[in-house]
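Remarks on the structure that follows.
The figures that follow rest on heavy atoms only: side chains count, while hydrogens, waters and symmetry mates do not.
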Amino acid sequence: MIERYLVAASSYAQDIDNLILLIAVLVGFWLVLCEVVFFYFIWRFRARDGHKAEYVSGENKAHKRWITIPHLLVLVCDVFIIYGAVRVWVNVKQTLPPPDATVRVIGQQWAWTFVHPGADGKLDTADDIAKIDELHVEVGKTYHYELSARDVLHSFSVPVFRLKQDAVPGRIIRGWFEPTKTGEYSVQCAEICGMGHGLMGARIMIETPGEHAAWVAGQKPLSLASAR
Amino acid sequence: MSEHAHEHPNYIKIWAVLVVLLGISVLGPLFGHPVVTLVTAFGIALVKAYLVAKNFMHVNVQKRFVAYMLLTCLVFMALFFFAAAPDVMKSEGNNWYKPEAQWQAGAGTSEGHGDH
Amino acid sequence: MRPIANTRSAAGIPTGRLAVWWVVASEIVIFGGLLASYVMHRLAHPAWAEQAMHTNVWAGGFNTLVLLTSSLSAVLAHKAAEEGDGPKAARLLGYTMLGGAMFVVVKAFEWTAEIQAGYTITSSTFWSFYYSAAGLHGLHVIGGVVIMGFVAAAARRNEELHRVELIGIYWHFVDIVWIFLFPLLYIAK
Amino acid sequence: MATADITTDAHHHHEQTFWSKYVFSTDHKMIAMQYMFTGMFMAAIGGFMAYVFRMQLAFPGMEVPLFGLVGPNDYNALITNHGTIMIFWVAMPVLIAAFGNFLIPLMIGCDDMVFPKINRLSYQIFLLSAVILLISLAVPGGGFAGAWTAYPPLSAQAQYSGTALGSTLWLVAVALEFVAFLLGGINFVTTAMNSRAPGMKMYDIPMVIWMIVIASVLFMASVGPLIAGAIMLFMDQVVGTGFYDPARGGDPVLWQHLFWFFGHPEVYVVLLPALGITADIMCVFARKKLFAYRTALWTVFGTGILSFTVWAHHQFVAGIDPRMAHIFTVTTLLISIPIAELCFIYIATLYGGSITLSTPMLWALAFVAEFLIGGVTGIFLGASGADIYFHDTYFVLAHFHYTFFPIAIIGTFAGITMWFPKMFGRYMSEFWGKVHFWGTVIPFNIIFIPLFFLGTIGQHRRIYDYTNFPELSLPWMQDLRQLATVALIVMLLFQFIFLINMFYSMFRGKKAPKNPWRANTLEWTTESPPPHGNWPEGLPEVYRGPYEYSTPGRDEDYWPQNVPS
């Protein structure tokens, strides 16, 4: 559904899209049903001459059935939705698969700093590559991100990954993603962070292993001081 | 005006009990034992609050819903505490930690947990 | 001129008292929110115990005694008002007001000493909570004393005697808040 | 209003001056009018703000007519104050304060609120808060621009926001507004609990009164932590404490909890009165008893309690512990049960009715139809897994506008058109009322359906210019934004029809009798408009429930509550 307009480029993007589809089908059914019955009643029971309204208290069992049965059915739908939501949530936010590499993501007014591990694949070494508003990752690899904020709240949002996580000053938050499609996509800040919030966009480059190695090789390592 | 059907308790006696309890809660920490302090400070605060609410505020002779109303508010606050504490009180959780707080905890004493 | 609405009592509690209970309920959540926030932070920062050492337990304890005693005179005033003795109720409320005033005076000396010792509201978040929570409570004490002045003045003329009980309920609530603030701010170290 | 001079033994009137009658009145009806017109004035300002920032979104960088260039901070201040005004200075005063003040004494059959002077004080504090908020827009540095949720550290530290004075005034205004509604709420609850007409038992109270009372209780029980939080935020702003500063042992997430612990019940605080207004209108114009009154009432109690347990679904990706999200997903989806049940009750109420599509009924029906959309889209956001993607997109924005617009605008118009004859003793024009109805409801959908779509494909909120995001500034997306903006302008223009209709009818409309809609509830048993003291000939007594329409064995299809059997 969403994929037609926005690429699904992470391993869990499809799961989230499917969950959204599941919810859309279930609530869509109830919405359409309610609206149809609602408008049908408005038409069917319109005021006509010589026609008196019925007296229905709705207090006896036979009448109440008309609301208790649907609401039990809604409860059943809720259970399905909860099951789907929890499953996706556990996968995306709660359990982290072992990483191939870790990137550090730092939000500040009004730019993203991305610290890449460099050729040795480790952070806090001399060959770390810090980039402003530019995140380079390799397709098919599992990444952990280490998210922090220097000043106010920001939100690290990558729509093609269907990923969003607020960056909170004073906290380091870990999460993961695995890119599945190459290309250049948008990274947003999705939490208002002051005057430049509307400018705080970055790009994510998802590269093939060859491209990525070439990019790493072409970077001058930055001093450690700027990495932390 | 409503007629108060209740007897007035001996207020002076209740006040005396409250003062004795206050003395205990001040002297409690002198034992130097954290569990004793916990009980003398907060256990006694609960008893004092109960005595004041029951005898001075006369919650017990009001219509029942007054007590329920006040208790509901307290329950909501407990709910708030237990839902916010995992984020605010803890210095680490599922996939996150607070570097500042952990640094402080490492530097300071680890004693003092379970104060409440 | 009081509306007829005010004299009805369908819920079985006189209107004024019912309203005061609602005031108390909404105050519970105000102080509850503040104290819950404080407790969370306090448990998160064992190092604050060191800061709490510098609070004056004796001043806090004395103030607790003052408030407990003022509550006693408030409830005795309620009893007197119920017996129809307005002037006696007014006199007892006067003692309560005196207690409130003494509480504030002790607080003033205590805070002065602490600020002079360098523990200001911005020294650390413990002191921020200390001054904010006690300050909010202090404002309630001052507000209570002012309202009590009006109630006592009317009671002296044997008017509006039911209000003696209402202000008393509020005052006991302020007392209870202090009963919890005292161990939280002074004793837990 | 010559009727106001009718005196009874209990009331002696001295000549009322303009000031004592319109400004310093303690009469609940006049205070209701004060709240209503202040709310309408603020709605005009909030609507104008919406026009300005929608113009900026549709035509980035263009000079907006009547405003000028919209800078990034202007934009943020506009959206922040649009949200704040529409919730705290429009929905709250009109739905709860205006209708509460007007309807509670009239519908439970007493002469005034129990504390008329506190009632007046409540309005005066509210007015002061509105003035302070308006001043905050004009101070140096500009108005507060940190979103209506005011998340610190942005809201707490001027070095990040650049709006030192604006933030503080905004906070003070909001806090004063809470004080006003606490005073008002205590008045409402006490009045409804204690001052009911003789014979009016628990299940004889009209739904709208129940809803306003429950809403007031929810407000009182939930706002406390936010008041405490506001004190802490104020200290952070003004004194320089570090309650929300992690570097000094504070925690910004604490504010989010304090805010949403209030913020979510607040949704129900404004929803319930609108639901109540709709229930009463639907019963009158379908000539039907409310389906399963008792079930409906207990469902509302359940909703109220459940609403305290769901707040952290606003914070799923905001840095809370991921394990907590499961609890809040479950509670959030559970709250769909009582709301769905209410919805079924409303639909069932129509069954077998004799429905007249008058203007109030159109508004009431539109409320149900539109709120359904807002309700079901909430499920996407309450389900933690889907919220990862939807959080802070225009999907959220469209969702809560599909709830708040039916509540605050459609519900309000339903109430005003319903009780206008009682308020002013004259009818509004049905024809122009219907023109206004269609001119509001159709553009409303054209505004927000495109925004649903834009949100679904990743448009995030509070961005003043999407040209910085190449994926979000494709030509067809810009077309959708312009469509929404044009629809908004059309909708705003249609509001003039309402204003003209209202003010014309107030003075020139057809005179209305006591009970123009042939309704049961007590307010229709007195004069239109009711005089001071409401029932000069003595207060009514109650013999039955409020929804005895089309009772078998009676000639008339209604049976007023005060008529002895």
- Query: Which answer fits A/Tyr40, side chain, backbone, both or neither, if we ask what part of it has an atom under 4.5 Å from a heavy atom of chain D?
  - Reply: neither
- Side chain from CB out, backbone as N, CA, C, O: work out which of these in D/Phe285 comes under 4.5 Å of a heavy atom of chain A, or both, or neither. neither
- Item | Side chain proximity check, D/Leu350 to A/Ile42, heavy atoms < 4.5 angstrom | yes
- Query: By a 4.5 Å heavy-atom criterion (distance strictly below it), what part of D/Arg461 contacts chain A: side chain, backbone, both, or neither?
  - Reply: backbone
- Task: Measure D/Leu472 against the heavy atoms of chain A and call it side chain, backbone, both or neither at under 4.5 Å.
- Result: side chain
- Message: Rounded at 0.5 Å granularity, tell me how far OH in D/Tyr346 sits from CD1 in A/Ile67.
- Response: 12.0 Å
- Task: Could you walk me through whether D/Ser336 and A/Asp78 pass side chain to side chain donor-acceptor pair (under 3.5 Å), step by step?
- Result: CA-CA 8 Å; D/Ser336 69; A/Asp78 277 355; 2.6 Å; yes
- Verdict with reasoning, D/Asp387 to A/Lys164, per salt bridge (Lys or Arg N to Asp or Glu O under 4.0 Å): CA-CA 9 Å; D/Asp387 187 61; A/Lys164 193 170 285 133; over 6 Å; no
- The interface call for D/Ala296 against chain A, heavy-atom contacts under 4.5 Å, is neither
- Query: Can you name the nearest heavy-atom pair linking D/Pro252 to A/Pro169, along with the distance?
  - Reply: CG-O, 4.0 Å
- The interface call for D/Ala369 against chain A, heavy-atom contacts under 4.5 Å, is both
- Working to the nearest 0.5 Å, report the span between CG of A/Asp17 and OH of D/Tyr389. 7.5 Å
- Item | Engaged part of D/Tyr244 at the chain A interface, taking heavy atoms whose separation is under 4.5 Å | neither
- Message: Check this for me: D/Tyr351, atom OH, are more than 12 non-hydrogen atoms of other residues, nucleotides or ligands nearer than 6.0 Å?
- Response: no
- Task: Tell me, for D/Asn73 versus chain A, whether the close heavy atoms (under 4.5 Å) come from the side chain, the backbone, both or neither.
- Result: both
- Would a line drawn from the ring center of D/Phe316 to the ring center of A/Trp89 be shorter than 6.0 Å? yes
- Message: Rounded at 0.5 Å granularity, tell me how far CZ in A/Arg48 sits from OG in D/Ser354.
- Response: 8.0 Å
- Between D/Asp251, D/Ile463, D/Leu154, D/Leu334, which residue shows the highest count of heavy-atom pairs closer than 4.5 Å to chain A? D/Leu154
- Task: Begin from the C-alpha positions of A/Arg203 and D/Glu471 and carry the test salt bridge (Lys or Arg N to Asp or Glu O under 4.0 Å) through to its verdict.
- Result: CA-CA 11 Å; A/Arg203 309 299 292 170; D/Glu471 282 89 346; 3.0 Å; yes
- chain D contact via A/Glu191 - side chain, backbone, both or neither, heavy atoms under 4.5 Å: both
- Message: Which atoms of A/Trp43 are under 4.5 Å from chain D, going by heavy atoms: the side chain, the backbone, both sets, or neither?
- Response: neither
- Item | D/Leu365, part contacting chain A, at a heavy-atom distance under 4.5 Å | both
- Which bit of A/Glu184 is near chain D, if near means a heavy-atom gap under 4.5 Å: side chain, backbone, both or neither? backbone
- Can you tell me how far CD1 of D/Ile337 sits from CG of A/Leu72, rounded to the nearest 0.5 angstrom? 8.0 Å
- Begin from the C-alpha positions of A/Val74 and D/Phe344 and carry the test side-chain contact (heavy atoms from CB on, under 4.5 Å) through to its verdict. CA-CA 11 Å; A/Val74 171; D/Phe344 299 142; 4.0 Å; yes
- Note on the structure: When the 4.5 angstrom heavy-atom criterion is applied to D/Phe469 and chain A, the contacting part is side chain
- Message: At a heavy-atom distance under 4.5 Å, which candidate from D/Ile388, D/Asn468, D/Ile347 has the highest pair count against chain A?
- Response: D/Ile388
